[in-house]
Protein chains: 2
Amino acid sequence: MMNSVDQVNAGVNNSTSRTVETGKIRLEDLKDIARGAGFLGCGGGGDPYIGYLIAKAAIEECGEPELISPDDFDDDGVVVGSAFIGAPSVMQEKCISGEDAVRTIRRIEEKLGRKVTALISGEIGGLNGMLPIGAAARMGLPVVDADGCGRAVPAIDMTAWNAAGLKPGPVVLVNEHLDTVLIESDDPHRAEDIARSAVAAMGMSVMSALYAMSGSDMKQASIPYTISIARGIGRAIRAHSKSPVENLLDYLRTTTHFNQCGVLASGKITYVHREIKHAWVVGEVKIQPDNGDAAEINFQNEYLQLKKADRLLATVPDLISVVDSETGEPIAAEALRFGQRVTVIGASSAKQLRTPQAISNCGPKRFGIGEHYEPIESINNW
Amino acid sequence: MMNSVDQVNAGVNNSTSRTVETGKIRLEDLKDIARGAGFLGCGGGGDPYIGYLIAKAAIEECGEPELISPDDFDDDGVVVGSAFIGAPSVMQEKCISGEDAVRTIRRIEEKLGRKVTALISGEIGGLNGMLPIGAAARMGLPVVDADGCGRAVPAIDMTAWNAAGLKPGPVVLVNEHLDTVLIESDDPHRAEDIARSAVAAMGMSVMSALYAMSGSDMKQASIPYTISIARGIGRAIRAHSKSPVENLLDYLRTTTHFNQCGVLASGKITYVHREIKHAWVVGEVKIQPDNGDAAEINFQNEYLQLKKADRLLATVPDLISVVDSETGEPIAAEALRFGQRVTVIGASSAKQLRTPQAISNCGPKRFGIGEHYEPIESINNW
């Protein structure tokens, strides 16, 4: 495992120079960021198109927010994670005022007795890649070009921040009525349990502020450059000079975190089973290639593992993402349909999600799908 | 209905002079207060003996707290309701540090930016009649001789405070790990829903601080003198010069709120059904007299209604309490057993729980047991 981390480290200088563009988050980049957030959502995290609409409305009303590199951020600044928690399907039915996210930050400031100086996405994957952009626009705050996961995860204690020893609390939740819940706990897992229950009672759709941290903690514990990378992924899919899937893989190979990547399966969806369990979308999908063994993916909001002929080819926290074979557009677990022609792309997760603590928080054992984690590039000899 | 309220009002001056003794809450009075709180618990509210042990330990460690009449309280003082929320059976299994209740008050002070000057019991019935006494002892604060219900109720939006237009929030919940949840909502019913869910995730046993209010609001909206009345009830049962049940009724007739009272049924328990539904103890009990029709009581934590030969004789919010026919000791719904010889006592609820708003909050319709409320004294021609 150390080998893979070393390889990732070795790629940092080369790749970041190519992917990071700070300055303003431009309105015309939002769709690319959303598409990239969809890919990094690994099937979950909610529809980034909804996040796109919310961020777009906020920017049109309040202007483009500043995108600030984590490297340039003041060590003594106060950064707060911003994220939607709940059922994206419920969120789509409700009106989002934007006021809810602003309220979460104001309550954190009241609790800390300090002004928040920047927002950061709790998870870049899915709609949470977009919502902090909208909140930052409304508040006139910069967004840090980084996030807490480098993908989407289904629980607030599964972040790289928690793996690095930062606490999620105080966690503030605000729903569409502006009902407000503030949670403090020394134990990230209990904080998650309490937040999850409160979210259900609050109507399954809340904005949260969490993991308030100093600039220096943010630099140490976050996954850097992920808004820029999401934009790069979106561009790569859109600008398909050759096959968009090949283009996407070429781009991923240039990134800091996701450079160990490849096609895990390709074919037609021949089976989908989906059910709601504990407010998660749980199920499995089978993908049959024209020749050879079918691939099976289990999901719980996000794609958890992929097997071919009972051989495990990828597990969380590594990225498994299903895209349309022709267009390269990412497909959420909720949108999988019988007969779709899809390609499954696997990629290394950020090294911050591969530490022993992170693997314990969000590796296969946490999801009950296996005892041990093996990096995707080692399984597949990439 | 106005008649009954007028009668209650007419009794105030006479009765309070006989029941109120302020000064210190004395250690030797705790058992009487607990027994009275058991009666006023109407079958629910948790075992006051546990509350007695907790209050006793706090007083032995920190001294007797002051009992202050609501009439003497500073209009500009800050009073906060204190109450256990959860499953009393779980609470009995866990260690109570006393630190949890103190923490709830400290967090309310932090939120209000003001010092709390007295505690008040959220509900006098059951263990919540006792716990604020222990918390006040630990904090060196006085306890107001009053409460939010004049009985026990199963939800935080069923208080007389809410009926009078006061808001439960900010509600602070603290469990044995000192995990802390602060809830703000304009809507008391949503505040209850959110608190109930949070309590479940926090381990079904938390101390709460709620209904922070000014001294003048407290005077307008609370049920006065109920700690003194609980002590009086306890004494009346203990000092059974003649039958303790008769003695108890004689005492109740002297009180401000519960003076319309009588025996609703007496006999042997021939049937008990109890189940756990949504963290409530729900069920029914049948009491067969030596001659005549059996009485049936439905309960949801508290006794909700009593019928004899399908004729309704009492419903919430009026008090229905089951006592041992021989000793007069109150029997909680959880402690009902086949073969027990019991007497069911009914009494008028405080007038503050009989306003149209209060009847809507905690009358028969709220519990799904009937459309209309009729005062117990009018049904029974007392």
Side-chain angles (χ1 to χ4, degrees), chain A residues 85-87 94 97 99-100 102-114 155-157 167-210 212 278-279, chain B residues 85-87 94 97 99-100 102-114 155-157 167-210 212 278-279:
Chain A
I85 304 180
K94 290 184 176 176
S97 65
E99 180 58 25
D100 42 11
V102 173
R103 176 74 70 101
T104 63
I105 306 302
R106 294 287 176 241
R107 286 292 286 109
I108 285 280
E109 288 177 331
E110 186 185 320
K111 176 69 191 161
L112 299 178
R114 290 190 64 185
I156 66 175
D157 59 332
K167 302 287 184 203
V171 175
V172 174
L173 312 173
V174 175
N175 68 5
E176 78 276 19
H177 303 293
L178 303 184
D179 296 334
T180 303
V181 171
L182 188 151
I183 299 164
E184 294 166 88
S185 175
D186 284 340
D187 185 280
H189 193 67
R190 288 204 308 272
E192 158 65 23
D193 280 351
I194 296 169
R196 197 65 44 184
S197 288
V199 167
M202 293 172 85
M204 286 305 290
S205 171
V206 311
M207 282 304 298
S208 71
L210 63 187
H278 304 298
Chain B
I85 305 180
K94 290 184 176 176
S97 65
E99 180 59 25
D100 41 11
V102 173
R103 176 73 70 101
T104 63
I105 305 303
R106 295 287 176 240
R107 286 293 285 109
I108 286 280
E109 288 177 331
E110 186 185 320
K111 176 69 191 160
L112 299 178
R114 290 191 64 185
I156 66 175
D157 59 332
K167 301 287 184 202
V171 175
V172 173
L173 312 174
V174 175
N175 69 5
E176 78 276 19
H177 303 293
L178 303 184
D179 297 333
T180 303
V181 171
L182 188 151
I183 299 163
E184 294 166 87
S185 174
D186 284 340
D187 184 280
H189 194 66
R190 288 205 308 272
E192 158 65 23
D193 280 351
I194 296 169
R196 197 64 44 184
S197 288
V199 166
M202 293 172 84
M204 286 305 290
S205 171
V206 310
M207 282 304 297
S208 71
L210 63 187
H278 304 299

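Order of the sequence lines sets the chain letters (A, B, ...), proteins ahead of strands, with each chain counted from 1.
In this structure Ala201(B) satisfies the side chain to side chain contact (heavy atoms under 4.5 Å, CB included) test together with Ile194(A), Ser197(A), sequence neighbours excluded. Scanning for side chain to side chain contact (heavy atoms under 4.5 Å, CB included) contacts around Val174(B) gives Asp100(B), Arg103(B), Thr104(B), Val172(B), Leu178(B), Thr180(B), with sequence neighbours left out.
Within residues 182-193 of chain A, the residues having any heavy atom closer than 4.5 Å to a heavy atom of chain B are Leu182(A), Ile183(A), Glu184(A), Ser185(A), Asp186(A), Arg190(A), Asp193(A), listed by residue number.
With rounding to the nearest 0.5 angstrom, the CD atom of Glu110(A) is 9.0 Å from the CD atom of Glu110(B).
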